[in-house]
> 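Let me begin by handing over the structure; questions about it come next.
Everything quoted here is computed from the prediction, not taken from an experiment.
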Amino acid sequence: MRSCPYATGFRSETMQRWGFLIAGSIIFAAGVVLGLAALGADTSSPRRNPNLPEFPAAVGAHETRADSESALGLQNAMPSQAQIEGGPLQMIPPTRSSFMAAWQKVSGAIDYRLDVSTSASFDSYVDGYHDLDVGNVTGRVVTGLSQGTTYYYRVSAYDATGTVSYSDVMTATTSASLGLIINPTFDFSITSNPNAAAIEATIHRAIAIYESLFSDPITVSILFRYSTQAPNGKPFPSGWISRSDWVYYTIPWNTFINALVADAITGYDATANTSLPTSALSANIRPTSAIGRAVRLNTPGGLTASGTIGGSYDGIVTLNSSVRFQFSRPTSGSNLDGQRATEHEMDEVLGFGSRLNIGGSDLRPQDLFSWSSTGVRNLTSSGTRYFSINRGTSRIVYFDQNSNGDFGDWQSTACPQAQPYVQNAFSCAGQYSDVTLTSPEAINLDVIGYNLINSPAPAPTDFNGDGKPDWVLYNASTQQTAIYYMNNNVRIASATGPTLPAGPKLVTVADFNREGHPDYLLFNPSTRQTAIWYLSGVTHVAGAAGPTLYSGWQMVGTGDFNKDGKPDWVLYNASTQQTAIYYMNNNVRIASPYGPTLPAGSKLVAVADFNRDGHPDYLLFNPSTRQTAIWYLSGVTHIASASGPTLSSGYELIGTADFNRDGKPDYLLYNSSTRQTLIWYLNKNVYVSAAYGPTLPAGWSVVAP
């Protein structure tokens with residue numbers, strides 16, 4: 001980094017270069033550089049379906065309190081400059097639509113003005129960023145930008161005499177990756193604050209977290225404020241530290257549920273959708289405008305800056321400026337964390353919340369996953385209530401049942417909290433946390449309509465409800481089945497499964513009737529008849545005949561190819577190398593298009609979504625070359641291929657699942673001579689590492705995953 005002294009006493013026309021905290025280029029982009037304009041919050045999102053009607057809109061609000069013991073100490077006691085700003089601004093990567101412009105403070109300067117352009121010669125300017133007076137600050141978040149675009153910026157500093165000095169030209173490149181865009185607008189209450197740069201930087205960091213987590217191609221527009229009043233001018237009550245205002249829509253039950261199921265991409269979705277009610281629990285569902293667009297409904301943002309219907313914001317986030325917030329980390333024991341509070345209110349705009357707060361009988365999306373015990377829902381403010389995505393079998397976090405807080409937030413313990421989650425109903429001084437890939441907040445947003453990037457893949461063989469794929473073993477001599485409960489490559493327990501009748505063999509496993517438990521798919525080679533054995537855990541509870549397969553065809557695996565939330569069957573003809581998909585409704589075939597024909601020498605081994613685009617892909621293996629390959633599909637269409645690793649001698653490829661829960665399918669290998677199993681961990685088609693699994697007993701083979 002180079003810097004030059006600020007020369008005082010020059011006349012106003014004198015120019016001088018001076019150094020910055022951020023020098024040269026800031027580049028945080030991935031993939032192909034795009035020139036797309038940032039999408040508007042209301043009409044230009046590609047997820048907004050013009051063929052669906054618009055729905056009635058209303059305004060909701062959420063307020064967050066501090067823990068009762070610390071609320072009084074935090075109120076009306078402003079922190080020092082150091083507590084607010086926390087020293088120099090840290091370098092913050094650009095998002096898809098914004099970047100943080102930062103510079104060194106110039107001695108004697110009382111004002112700075114910012115120019116931003118897509119041209120190094122500044123022959124044109126980004127709208128709103130020509131000679132923009134940003135006040136006496138050392139940074140500004142530049143918003144409303146295009147993805148994958150390089151921007152040039154410079155700053156002029158003015159002293160009391162009007163002398164101006166110009167900075168070097170600097171660059172920043174917005175991310176070219178596709179996914180969620182959160183477009184911030186900063187209210188005058190922030191831009192006019194002496195600590196505006198620190199406050200904006202905190203908000204920018206929060207936005208970067210959400211954009212890194214979610215793949216939904218929508219733009220959410222949020223107005224950010226730092227004030228003692230709500231957008232409508234109402235003063236904050238004592239003890240309240242932050243507030244969010246948001247638009248919600250009243251949408252018929254079936255319309256929303258069908259859209260939610262059709263949008264299922266992630267493993268969390270696959271699990272959660274099996275626990276959706278089979279009949280309506282209310283006439284309508286009330287998602288926020290952002291959730292609606294995430295599942296392709298017509299729900300544009302509609303808030304004005306004062307929090308009334310008639311504008312374009314999806315939501316407004318206000319931090320109480322009379323509260324002792326800190327906009328740097330680590331957070332001291334006497335301050336509240338500004339970033340955690342920002343993320344909490346952003347969650348509300350994105351879609352958190354229960355009907356218990358806005359009243360009426362219509363559920364909000366989060367209420368679909370509120371349970372008191374396995375198989376028993378609780379939609380009231382009485383008794384135990386917790387967040388679960390597998391019909392209450394596994395508790396992720398308890399909901400708040402304290403009427404002084406929000407019923408859509410998490411239950412809070414006394415300060416300091418052992419789990420200071422972002423969405424805890426009450427906040428504590430001196431603690432901070434963020435939304436992460438595996439946090440309850442991210443899982444909640446995923447299952448109510450958003451799609452996590454690199455979320456764990458579906459685990460159709462999860463028999464014990466811990467979210468991890470288990471192994472199904474089969475003994476062809478005795479027709480006995482068994483379950484290995486697995487934690488990655490480690491067997492933690494075993495259970496005996498049902499014994500099959502003479503004739504059929506076990507082909508694969510999936511939840512065909514969508515009641516939250518894996519089922520067996522059987523095939524009788526003599527009669528070519530298929531059948532489903534419905535299980536509850538490891539217990540056989542019922543059966544149903546499936547379609548009879550044509551001669552020459554065999555079952556390979558399952559996947560949701562037509563995006564209706566139900567497992568479809570993948571068939572393979574070894575003679576013709578042809579594949580076919582049976583679109584299934586439980587045990588009933590509703591259609592059967594052909595899939596791609598495989599190249600000579602290869603066979604179809606398994607099905608999984610290797611590139612995490614929401615479409616199942618083919619896993620191929622060539623026994624002669626021992627080469628594996630992935631065929632990427634869109635529906636039943638082959639769109640691209642990639643070579644996978646070559647298998648070690650002696651091992652055969654059994655199947656695929658996300659064993660280490662990093663969101664990426666892995667290979668399961670088996671050596672029939674040593675009876676040793678082996679997992680190869682992959683990043684798409686690239687081998688990363690390996691781990692041995694259990695050695696199988698004689699006479700047994702792995703059927704699934």
Side-chain angles (χ1 to χ4, degrees), residues 212-215 265-272 389-390 394 396 435-440 442-443 446-447 451-473 483-494 508-511 518 557-559 605-614 616-617 619 621 628-630 632 642-648 651-671 676-696 702-705:
S212 71
L213 289 175
F214 295 99
S215 62
I265 288 179
T266 71
Y268 292 134
D269 291 336
T271 299
I389 64 173
N390 61 354
S394 302
I396 296 175
V435 177
T436 66
L437 179 64
T438 58
S439 71
I443 297 172
D446 184 295
V447 301
N451 293 311
L452 277 169
I453 298 171
N454 289 333
S455 69
T461 60
D462 178 16
F463 281 82
N464 59 348
D466 65 355
K468 302 167 185 175
D470 302 313
W471 297 7
V472 181
L473 277 62
I483 312 299
Y484 273 15
Y485 298 123
M486 302 293 294
N487 181 5
N488 198 346
N489 64 311
V490 178
R491 179 171 63 92
I492 56 177
S494 303
T508 191
V509 175
D511 182 10
T558 64
V605 176
V607 177
D609 183 7
F610 284 90
N611 58 351
R612 309 302 295 137
D613 67 347
D617 307 309
L619 174 58
F621 175 60
T628 64
I630 298 168
Y632 299 115
S643 295
T646 301
L647 298 194
S648 306
Y651 281 91
E652 57 183 300
L653 185 56
I654 299 298
T656 180
D658 180 10
F659 296 103
N660 58 351
R661 311 309 285 152
D662 66 348
K664 302 161 187 175
D666 309 306
Y667 287 1
L668 176 60
L669 281 62
Y670 175 61
N671 189 315
Q676 179 69 59
T677 61
L678 178 67
I679 296 174
W680 277 12
Y681 302 111
L682 301 186
N683 181 0
K684 291 185 180 178
N685 63 310
V686 178
Y687 169 84
V688 176
S689 61
Y692 285 114
T695 300
L696 302 188
V702 178
V703 174

> Without swapping roles, check the side chain of Ser215 against the backbone of Asn451 for a donor-acceptor pair under 3.5 Å.
yes
> Within the structure provided, determine whether Val472 and Val702 are in side-chain contact (heavy-atom separation under 4.5 Å).
no
> Looking at every non-hydrogen atom in both residues, tell me the closest pair between Ser689 and Tyr687 and how far apart they are.
O-CE1, 3.3 Å
> Please report the closest heavy-atom contact between Asn489 and Tyr692, naming both atoms and the distance.
ND2-O, 2.8 Å
> Look only at the side chain of Thr461 and the backbone of Trp471, and say whether a donor-acceptor pair between them is shorter than 3.5 Å.
no
> Any side-chain to backbone donor/acceptor pair from Asn685 onto Ala642? Under 3.5 Å, distance only.
no
> First locate atom CG of Leu668, then atom CZ of Phe659, and finally report the distance between them rounded to the nearest 0.5 Å.
4.5 Å
> Check whether any side-chain N or O of Asp446 sits under 3.5 Å from a backbone N or O of Ile443 as a donor-acceptor pair, and report yes or no.
no
> Nearest 0.5 Å, what's the CD1-OH distance between Ile396 and Tyr268?
7.5 Å
> Using side-chain heavy atoms (C-beta onward) and a distance below 4.5 Å, is Pro705 in contact with Thr656?
no
> Rounded to the nearest 0.5 Å, what separates atom CD1 in Ile679 from atom CE in Met486?
5.5 Å
> If we only count heavy atoms from C-beta on, is the Val605 to Tyr667 side-chain gap below 4.5 Å?
no
> Are Asp662 and Tyr681 close enough, and set up right, to give a side chain to side chain contact (heavy atoms under 4.5 Å, CB included), and what steps lead you there?
CA-CA 10 Å; Asp662 66 348; Tyr681 302 111; 6.0 Å; no
> Evaluate the side chain to side chain contact (heavy atoms under 4.5 Å, CB included) criterion for residues Leu452 and Phe214: first the C-alpha distance (whole Å), next the side-chain angles of each, then the deciding distance (0.1 Å), finally the verdict.
CA-CA 5 Å; Leu452 277 169; Phe214 295 99; 3.4 Å; yes
> Where the side chain of Asp617 meets the backbone of Phe610, is there a donor-acceptor pair that is under 3.5 Å apart?
yes
> Compare every heavy atom of Val509 with every heavy atom of Pro460, then report the nearest pair and how far apart it is.
O-CG1, 3.9 Å
> Closer than 3.5 angstrom, by distance alone: can the side chain of Asp666 be matched with the main-chain N or O of Leu682 as a donor-acceptor pair?
yes
> What's the separation between atom CG in Asp609 and atom NZ in Lys664, rounded to the nearest 0.5 Å?
13.0 Å
> Please name the pair of heavy atoms, one in Tyr485 and one in Ser494, separated by the smallest distance, quoted to 0.1 Å.
CD1-N, 4.2 Å
> Report the distance from atom OH of Tyr484 to atom CG of Asp470, rounding to the nearest 0.5 Å.
12.5 Å
> Within the distance-only criterion (no hydrogens, no angle test), does the side chain of Ser643 pair as donor or acceptor with the backbone N or O of Ala629 below 3.5 angstrom?
no
> Would you indicate whether the side-chain heavy atoms of Ile654 and Glu652 approach each other to under 4.5 Å?
yes
> Can any side-chain N or O of Thr508 pair as donor or acceptor with the backbone N or O of Gly557 at less than 3.5 Å?
no
> May I ask you to test the Leu213-Ile453 pair for a side-chain heavy-atom distance under 4.5 Å?
no
> Supply the atom-to-atom distance Phe621 CZ to Leu653 CG, rounded to the nearest 0.5 angstrom.
7.0 Å
> With sequence neighbours left out, what residues match Gln676 under side-chain hydrogen bond (donor to acceptor under 3.5 Å, both in side chains)?
Thr695
> For the residue pair Lys468 and Asn488, confirm or rule out a side-chain donor-acceptor distance under 3.5 Å.
no
